[in-house]
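Everything below concerns the one structure shown next.
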Protein chains: 2
Amino acid sequence: MLDKAALIVESFRPTGGPYRLAELARRTGLPKPTVHRLAADLVRLGWLERTDDARYRLGGRLFELGSLVPRRRDLREAALPFLQDLFEATRETVHLGVREGMEVVYLERIHGHDALQLPSHIGHSLPLSCTGVGKALLAFCGTELTEEVLARPLPCLTPHSLTDPARLRMALENTQVSGLAYEEQEAVLGVSCIAAPVFAGGDAVAALSVAVPRARFRPAQLAPAVRTAALGLSRMLRGGI
Amino acid sequence: MLDKAALIVESFRPTGGPYRLAELARRTGLPKPTVHRLAADLVRLGWLERTDDARYRLGGRLFELGSLVPRRRDLREAALPFLQDLFEATRETVHLGVREGMEVVYLERIHGHDALQLPSHIGHSLPLSCTGVGKALLAFCGTELTEEVLARPLPCLTPHSLTDPARLRMALENTQVSGLAYEEQEAVLGVSCIAAPVFAGGDAVAALSVAVPRARFRPAQLAPAVRTAALGLSRMLRGGI
DNA sequence: TGTGTCGTTCCGTGTCACGGAACAAACATT
DNA sequence: AATGTTTGTTCCGTGACACGGAACGACACA
């Protein structure tokens, strides 16, 4: 029963809803009466909400609980000042992401009034190989995982996404040397990105990035800012000042 | 059974853990074998995690789901640029909060390297009457709720918290006239705060605030910035530019 | 060695989750 | 207006599985 409830809640990814009852039954593969009963329980618990037109969406209680997750909250809290610095230095959309399995999960995204239309919402996950943050993490996470990713077919979000393992391997090697990862229209058309890993010990525990409309992408000017922020956060996590 | 699982998850508020098995049994009032079985299920679902010392804490999946909650995500997304403006104008800790029942829930908090030690974590809730954001919301949320709050005993976080209904009523009337709410050491000793409501239609749907160490609290300089940010966000939510 | 608390496993009991069937209401199509 | 379709909802008999007391070994402390 817990599994069924979780199935319902997870079926709201990645949009959060709202969905109708029949829609939920279809998405989860559960019988309609079962969804009806469980959804009612979840609403009572505040995990789901009913919209004015009687559809279901994820509920506020879930937000409150999710915000408390220690591993996420602590890293986000520590990183925020550096994300601020990075934003003020670049005036562009900046990201904080971590690796979760073979994907990148975004913990924070800061932008000004001219927000880019990006798929990198907070809590959203994307393939490691298609994003700057993902490549920065992948380049510094141990050989076995790198090989695992390279072995599988590479996911493809745009026509520019890297699908050739050899090219990805080369990009990762460059990143390992330079400490910077680049991405050009591989996640969204028209948007380029530069990222740097954050270390706490040997491996990368997170990565920062700046996403910029392709037209005004100037890597040489962004690189020092991203690197500085990432190094600053790394030092902070190491327990420094 | 869903209720028991929810009880376990909710028992992690407000810290997020980690807690030992026996600790969870005590906090929830459930028998130890029951907690053991349910917690194992929750770990399998990613809603809880086990620390290296075998304790339980809230899991990453919960963060991802919570970030998708539409009502929260959309407001936060819309407000972020204005929070940025407010932060850059004041260089102090800025908040975005909404009302949830008779409490305020914080959706976002932005700060620099000199972060204040505040209880206003994202997702955390505090009494309406003890915070600047709460008072701004309370002053513009309809008479019936205001009276409800004033009728009950006022919660008390510090010796400076308002416990006299008459004084709170006066403060709210001032806020209704000026469009600004003040709070001085009522939530945390040594920290003062100024807040402004955000409107979308008749009632306040959110509020912004700036929290400042009491020593350098200069309301006259903060007021225009907070008001400007709140009005800008209000216009944006009304579908403006 | 004794005493407390810990996490974990077992298993008989009884409960409550389950979902097919049937329902009315809303909408779409002709 | 008549028909068909999809919607959300309720009912209820059946059986699976959640439940938690009891007992276990491991560990810490005195």
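A note on names: the letters A, B, ... follow the listed sequences, proteins ahead of strands, and every chain is numbered from 1. Just so we're clear, the structure is a prediction, and the values are computed from it rather than from any experiment.
- Taking the six-membered ring where the residue is Trp, Y19(B) and F12(B) present tilted rings, their angle falling between 30° and 60°.
- At whole-Å resolution of the value, CG in D53(A) and P in dG8(D) are 11 Å apart.
- The phosphate of dT7(D) (OP1 or OP2) has a side-chain N or O of R26(A) nearer than 4.0 angstrom.
- In this structure, I110(B) CD1 and L80(B) CG are separated by 5.0 Å, a value rounded to the nearest 0.5 Å.
- Atoms NE2 (H36(A)) and C1' (dA24(C)) sit 13 Å apart, rounded to a whole Å.
- Taking atom CG on L48(A) and atom C1' on dG8(D), their separation rounds to 16 Å, with Å as the unit.
- Geometrically, R20(B) does not engage Y56(B) in a cation-pi contact, judged by NZ or CZ lying under 6.0 Å from the ring centre and within 45° of the ring axis.
- Of the side-chain N and O atoms in T34(A), one or more sit less than 4.0 angstrom from OP1 or OP2 of dG19(C).
- Using a 4.0 Å cut-off between a side-chain N of Lys or Arg and a carboxylate O of Asp or Glu, R27(B) and E23(B) do not qualify as a salt bridge.
- The ring of H124(A) has its center no closer than 6.0 angstrom to the ring center of Y106(A).
- Here the C1' atom of nucleotide dT7(D) and the CG atom of L24(A) are 13 Å apart, to the nearest Å.
- Between E49(A) and L58(A) the shortest side-chain heavy-atom distance does not fall below 4.5 Å.
- Salt-bridge annotation for E77(B) and R73(B): absent, with no side-chain N of the basic residue lying under 4.0 Å from a carboxylate O of the acidic one.
- Taking 4.5 Å as the limit, some side-chain heavy atom of R109(A) sits within range of a side-chain heavy atom of H121(A).
- In this structure, the separation between CG on L172(B) and CG on L150(B) is 6.5 Å, given to the nearest 0.5 Å.
- Taking every side-chain heavy atom of P33(B) into account, dG20(D) is the closest of dG7(C), dG20(D), dT7(D).
- For K32(B), taking side-chain heavy atoms from C-beta onward, the closest of the listed nucleotides dG7(C), dT7(D), dC19(D) is dG7(C).
- OP1 or OP2 of dG8(D) lies within a sub-4.0 Å distance of a side-chain N or O belonging to R20(A).
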Task: Intra- and inter-strand pairs of DNA chain D in dot-bracket (Watson-Crick or G-U wobble, both distances under 3.5 Å; | for another strand) - done: ||.|||.|||||||||||||||||.|||||
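- Rounded to whole angstrom, the span from the CD atom of E23(B) across to the P atom of dC6(C) amounts to 9 Å.
- Nucleic acid contact for R55(A): none, since no nucleic acid atom lies under 4.0 Å from a heavy atom of the residue.
- Among dC6(C), dG19(C), dG8(D), the nucleotide with an atom closest to any side-chain atom of P31(A) is dG19(C).
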Open item on the list: One character per nucleotide, please: for nucleotides 11-17 of chain C, 5' to 3', B when the base has a protein heavy atom closer than 4.0 Å, S when only the sugar-phosphate does, - otherwise.
Closed with: ------S
